[in-house]
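We count residues from 1, following the sequence as given.
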Amino acid sequence: MRALLGLDDDTAVLIRRLACTEPGCPSLETVIVVLPMEGDARRWTLHRPADQITEDDLRDALLATPEQHD
């Protein structure tokens, strides 16, 4: 993940598996948050458990535009 995004060692990466309660959403999803020391945080949600995410899934998600949050 660090190599895909070109992250340095000071950037925190959080990966959480969460229950999804929205209609039509799989029961588990994986949320990835990148927190640089400077600049804005970036977040991606993959609608499957972390143990089912392939390297290609991760690459496709991380290369897409991160989600926007207020």
Side-chain angles (χ1 to χ4, degrees):
M1 181 173 322
R2 288 185 179 280
L4 281 173
L5 295 172
L7 302 177
D8 60 32
D9 291 340
D10 293 332
T11 298
V13 177
L14 304 174
I15 301 172
R16 303 218 41 205
R17 184 172 64 179
L18 302 173
C20 183
T21 58
E22 297 176 20
C25 182
S27 59
L28 292 174
E29 63 186 16
T30 302
V31 175
I32 300 169
V33 180
V34 172
L35 301 163
M37 293 293 286
E38 296 182 20
D40 296 330
R42 294 177 283 171
R43 174 185 163 144
W44 297 265
T45 301
L46 289 84
H47 297 284
R48 63 182 71 181
D51 61 350
Q52 295 178 11
I53 296 172
T54 67
E55 185 173 337
D56 287 338
D57 294 334
L58 185 59
R59 180 178 300 107
D60 290 346
L62 296 181
L63 295 178
T65 302
E67 300 165 12
Q68 298 294 319
H69 293 274
D70 296 326

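Atom CG in D60 sits 13.5 Å away from atom CH2 in W44 (nearest 0.5 Å). In this structure, I15 CD1 and L58 CG are separated by 7.5 Å, a value rounded to the nearest 0.5 Å. Atom CG in D57 sits 7.0 Å away from atom CG in L46 (nearest 0.5 Å). Atom CG of L5 is separated from atom CG of L63 by 7.5 Å, given to the nearest 0.5 angstrom. Distance check, rounded to the nearest 0.5 Å: CD1 of I53 to CD of E29 gives 10.0 Å.
When the shell of 6.0 Å around CG of D40 is examined, it contains 12 or fewer heavy atoms from other residues, nucleotides or ligands. Within 6.0 Å of CZ in R59 there are more than 12 heavy atoms belonging to other residues, nucleotides or ligands.
Among all heavy-atom pairs drawn from P26 and C20, the shortest one is O-CB, 3.2 Å. Across every non-hydrogen atom of T30 and A50, the tightest pair is OG1-N, 2.9 Å.
No donor-acceptor pair closer than 3.5 Å links the side chain of T45 to the backbone N or O of V31. With R2 contributing its side chain and T11 its backbone, the two residues share a donor-acceptor pair below 3.5 Å.
Judged as a side chain to side chain contact (heavy atoms under 4.5 Å, CB included), and not counting sequence neighbours, the contacts of P49 are R17, L28, D51, Q52.
C25 is listed as a side-chain neighbour of H47, based on a closest heavy-atom distance under 4.5 Å. For the pair L62 and V34, the minimum side-chain heavy-atom distance is 4.5 Å or more.
Note: the hydrophobic cluster containing V13 also contains L4 (ILVMFWY, side chain heavy atoms under 4.5 Å, direct or indirect links).
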